[in-house]
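Before any comments, here is the structure.
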There are 2 protein chains.
Amino acid sequence: MGLAKTEMFTDEQNKIALFAKVFGHPARVAILQQLFKINTCYCGDLVSEIGLAQPTISQHLKELKNLGLVKGNVEGTSVCYCIDAENWTAMKAVMAAFLDQDITTTNSCC
Amino acid sequence: MGLAKTEMFTDEQNKIALFAKVFGHPARVAILQQLFKINTCYCGDLVSEIGLAQPTISQHLKELKNLGLVKGNVEGTSVCYCIDAENWTAMKAVMAAFLDQDITTTNSCC
DNA sequence: AATATTAATCGTAATATTGCAATATATTAA
DNA sequence: TTAATATATTGCAATATTACGATTAATATT
């Protein structure tokens, strides 16, 4: 079906999956790394830096914006993008709660 | 195309994306949380716990196994699954390097 | 006003993902 | 050996994702 049965899962599980999904493409990872590196970045800079076509980068940026991880600021004909620090921190807390679970090796089957 | 152009990105970026992708479905999040919670778990238990069909759970487990995050141990007709602690820790280091980047609010455009 | 620049949107082709019924495989029990 | 049980695999339909050319929208420059 290609359609996740989100109603079977908790809000937290769906939230983790949504954040993870947006990181599940190397172009979006690269965009975020670049934004962290140079702090503030025009859309066109990302296009030349990453090497995908402009509509493709624009589409990836849209997904990052939809989740609130990235903000865009219109400056004339350009749009300047940066990380949304507050939402990034909130996302980190959600992901950390999932990733930092304790592993009890006792009573393990394998 | 539906096909990520992995050759344009660094190994690290592709690795982050691969790990994130496997967490990008709530069923796999739920499977992992359950494995952390009860430490060791038969495939059938996950099917009844999560509520998706047996082939669906089996398929999700396969993806987790392919990335090395989960191990399975055959016990008679059953298969007992658990987290691969070593690989989980290694994965956490990769993801933390990405998620814990510093945010410099100075010189930010938005 | 006409043109240039930058980014977003639309449309579409190629491919990937999700979910499950049906079936196959492997082990144990009778 | 046969039947029962548990899991994996196959095949397929529905939907999602990725990428980009063409176009549009908005602002700047001349």
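First the proteins, then the strands, lettered A, B, ... as listed; each starts at 1.
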Got more than 12 heavy atoms from elsewhere within 6.0 Å of [atom1], [X]?
X	atom1	result
E75(A)	CD	yes
K15(B)	NZ	no
D11(B)	CG	no

_Criterion side chain to side chain contact (heavy atoms under 4.5 Å, CB included) against Q34(A), the qualifying member of L32(A), I38(A), I31(A)_ =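 Exactly one candidate clears the test, I38(A).
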*Looking for any heavy atom pair under 4.0 Å, which part of the strands does E75(A) touch: base, sugar-phosphate only, or nothing?*
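Nothing, no heavy atom under 4.0 Å.
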*Across all strands shown, which nucleotide pairs with dA30(C) by Watson-Crick or G-U wobble geometry, both distances under 3.5 Å?*
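Matched dA30(C) with dT1(D) under the 3.5 Å cut-off.
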*Scan every strand shown for a Watson-Crick or G-U wobble partner of dT30(D), both distances under 3.5 Å, and answer none if you come up empty.*
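Partner of dT30(D): dA1(C).
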*Residue closer to the 5' end of DNA chain C, A4(A) versus G44(A) (nearest nucleotide)*: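 Whichever sits nearer the 5' end wins; that is G44(A).
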*Does any residue of residues 6-20 of chain B have a heavy atom under 4.0 Å from DNA chain C, and if so, which ones, in number order?*
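None, since no heavy atom is under 4.0 Å.
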_Could you go through F23(B) and F19(A), starting from their C-alpha distance and side-chain angles, then the distance that decides it, and tell me whether this counts as ring-ring contact (aromatic ring centres under 6.0 Å, His included)?_
CA-CA 9 Å; F23(B) 300 139; F19(A) 281 133; over 10 Å; no
*asked:* Strictly distance-based, threshold 3.5 Å: is any side-chain N or O of T89(B) a donor or acceptor partner for the main-chain N or O of A85(B)?
replied: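 Checked: pair present.
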*Any donor-acceptor pair under 3.5 Å linking the side chain of E63(B) with the backbone of H60(B)?*
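No.
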_The criterion is side-chain contact (heavy atoms from CB on, under 4.5 Å); which residues satisfy it with T10(B), sequence neighbours excluded?_
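side-chain contact (heavy atoms from CB on, under 4.5 Å) check on T10(B) returns E12(B), Q13(B).
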*Contacts of type side-chain contact (heavy atoms from CB on, under 4.5 Å), residue S78(B), not counting sequence neighbours*: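 Listed in chain order: Y42(B).
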*asked:* So, OP1 or OP2 of dT5(C): does either fall under 4.0 Å of a side-chain N or O from Y42(A)?
replied: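 No, because none of the side-chain N or O atoms of Y42(A) sits under 4.0 Å from OP1 or OP2 of dT5(C).
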*Rounded off to whole Å, could you give me the NZ-to-P distance for the K5(B) and dA16(C) pair?*
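Between P of dA16(C) and NZ of K5(B): 14 Å.
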*Quickly work out the E63(A) CD to dA8(C) C1' distance and round it to whole Å.*
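E63(A) atom CD is separated from dA8(C) atom C1' by 14 Å.
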_Just to be sure I understand the geometry, which residues of residues 51-62 of chain A put a non-hydrogen atom under 4.0 Å away from DNA chain D?_
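Here the set is L52(A), A53(A), P55(A), T56(A), Q59(A), H60(A).
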*What are the bounds, 5' to 3', of the part of DNA chain D that sits under 4.0 Å from heavy atoms of chain A?*
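Nucleotide range with atoms under 4.0 Å of chain A: dA13(D) to dA28(D).
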_L18(A) with L18(B), same ILVMFWY side-chain cluster at under 4.5 Å_ =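 Per the 4.5 Å side-chain linkage, L18(A) and L18(B) are not co-clustered.
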*List for me each residue that meets disulfide bond (SG atoms under 2.5 Å apart) alongside C82(A), sequence neighbours excluded, and say none if there are none.*
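C110(B).
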